[in-house]
Novice: 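Let me begin by handing over the structure; questions about it come next.
Both counts, for ligands and for their atoms, begin at 1 and track the order of listing.
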Amino acid sequence: MFFGLSATQAGQHFSGKQRRKNPMNNLVLCGFMGSGKTTVGKKMAKRLNLEFVNTDDIVEQLQQMSISEIFRVFGEKFFRDLETRVCQETVKKQGQLISVGGGTLERPENVEIFRQAGDTILFLNTPFEVCYNRIKGDRSRPVAMNKTKEELFSLYQRRYAQYMAAAELLITQADLKALLEQPESSQNKKEDITYRL
Ligand code: S3P
């Protein structure tokens, strides 16, 4: 078994049979800003022998600008359109763990891209206070930068519902603790996650 991933009630639209057809399909890691997607995603990718991909990094490479510059110069819609294009391109390849931005799944179209590709969406469920302490005052996150704690909490609540609806599997803090306690060398099979439900 992988590190104790708990199944959510969400994602009933996928049957086990559909997933078994494509064992090489990607894992997509979603969660709020500061939830730890990059750190956790890199560790999971290593354990599962998948290529780690971060959609924010690809957006920055494509545009040759940082995300905060893109927001400042072209606005959020431009960034979101680019993000959708990156999702479309990324799913063309298999064998990846794709970490997406905190707002990526706000667009139903993006959720659909991953579903159509048969990829498995995982939700990294990190408590708001933990995320908040990591993102407050962070100038590189334009969506968080000018918001009060209350505003961020209401964004977190809205997105929480979206992540839950989109994801097939939920990663809890207990799962993470178990992952961090595992020896670096241990290997897991991707099927342990994707065949679990
Ligand atoms: C965003 C989250 C960021 C990045 C962009 C917008 C958001 O990614 O995509 O700044 O809307 O929540 P992280 O979740 O990795 O911070």
Novice: I'd like to check V40 versus K43 (side-chain heavy atoms, cut-off strictly below 4.5 Å). Are they in contact?
Specialist: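 No, side chains not in contact.
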Novice: Flag S140 as yes when one of its N or O atoms lies below 3.5 Å from any N or O atom of ligand 1, and as no otherwise.
Specialist: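 Such a contact does not occur with ligand 1.
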Novice: Run the numbers for me: atoms of ligand 1, each under 4.0 Å from some heavy atom of P142, listed by number.
Specialist: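 Result: 10 (O).
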Novice: Just heavy atoms, cut-off under 4.0 Å: does R159 contact ligand 1 by side chain, backbone, both, or neither?
Specialist: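 Near ligand 1, R159 shows its side chain, while the N, CA, C and O stay back.
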Novice: Check the pair E60, S66 against side chain to side chain donor-acceptor pair (under 3.5 Å), reporting the backbone distance first and the verdict last.
Specialist: CA-CA 5 Å; E60 290 185 332; S66 70; 5.1 Å; no
Novice: Does ligand 1 have a heavy atom under 4.0 Å from the side chain of M145, from its backbone, from both, or from neither?
Specialist: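 Contact part for M145 vs ligand 1: neither.
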Novice: Of the protein's non-hydrogen atoms, which lies at the shortest distance from atom 11 (O) of ligand 1, and what is that distance?
Specialist: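 Going by distance alone, atom 11 (O) of ligand 1 is nearest to R80 NH2, 2.6 Å.
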Novice: Can you tell me which residue and heavy atom of the protein come closest to atom 15 (O) of ligand 1, and the distance to 0.1 Å?
Specialist: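 Ranking protein heavy atoms by distance from atom 15 (O) of ligand 1, first comes D56 OD2, 3.3 Å.
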Novice: Distance only, no hydrogens: is a donor on one side chain within 3.5 Å (strictly under) of an acceptor on the other, for Q94 and N25?
Specialist: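 The criterion, which ignores hydrogens and geometry beyond distance, is satisfied for N25 and Q94.
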Novice: Hey, is the main chain of G102 close enough, under 3.5 Å, to the side chain of Y163 for a donor-acceptor pair?
Specialist: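 Present.
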Novice: Is a side-chain N or O of K136 found less than 3.5 angstrom from the main chain of M145, in a donor-acceptor match?
Specialist: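 Not at all, since once roles are kept as given, no pair shorter than 3.5 Å links the two residues.
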Novice: Looking at ligand 1, does any of its N/O atoms fall within less than 3.5 Å of an N/O of G31?
Specialist: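 The answer is no, given that G31 and ligand 1 share no N or O pair closer than 3.5 Å.
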Novice: For atom 16 (O) of ligand 1, find the nearest protein heavy atom and state the residue, atom name and distance (0.1 Å precision).
Specialist: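 Looking at atom 16 (O) of ligand 1, the protein heavy atom closest to it is R141 NE, 2.6 Å.
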Novice: In terms of atom number and element, which parts of ligand 1 are under 4.0 angstrom from non-hydrogen atoms of I67?
Specialist: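 Within the 4.0 Å cut-off of I67, ligand 1 contributes 5 (C), 10 (O).
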Novice: Would you find a donor on one side and an acceptor on the other, under 3.5 Å apart, between the side chain of N26 and the backbone of Q96?
Specialist: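 Yes: the side chain of N26 pairs with the backbone of Q96.
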Novice: I want to check something: taking the side chain as every heavy atom from C-beta on, are I113 and T84 in contact at a cut-off of under 4.5 Å?
Specialist: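 A side-chain contact under 4.5 Å exists here.
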Novice: Of the side chain and backbone of E106, name the one, both, or neither that has a heavy atom under 4.0 Å from an atom of ligand 1.
Specialist: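 The answer is neither; E106 stays 4.0 Å or more away.
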Novice: Would you mind reporting whether L105 and F114 have side-chain heavy atoms less than 4.5 Å apart?
Specialist: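 Touching, per the 4.5 Å side-chain cut-off.
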Novice: Between G103 and ligand 1, does any nitrogen or oxygen pair lie at a separation below 3.5 Å?
Specialist: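 By distance alone, the answer is yes.
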Novice: With heavy atoms of V143 as the reference, note each atom of ligand 1 found under 4.0 Å away.
Specialist: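 Here the atoms of ligand 1 in question are 6 (C), 7 (C), 11 (O).
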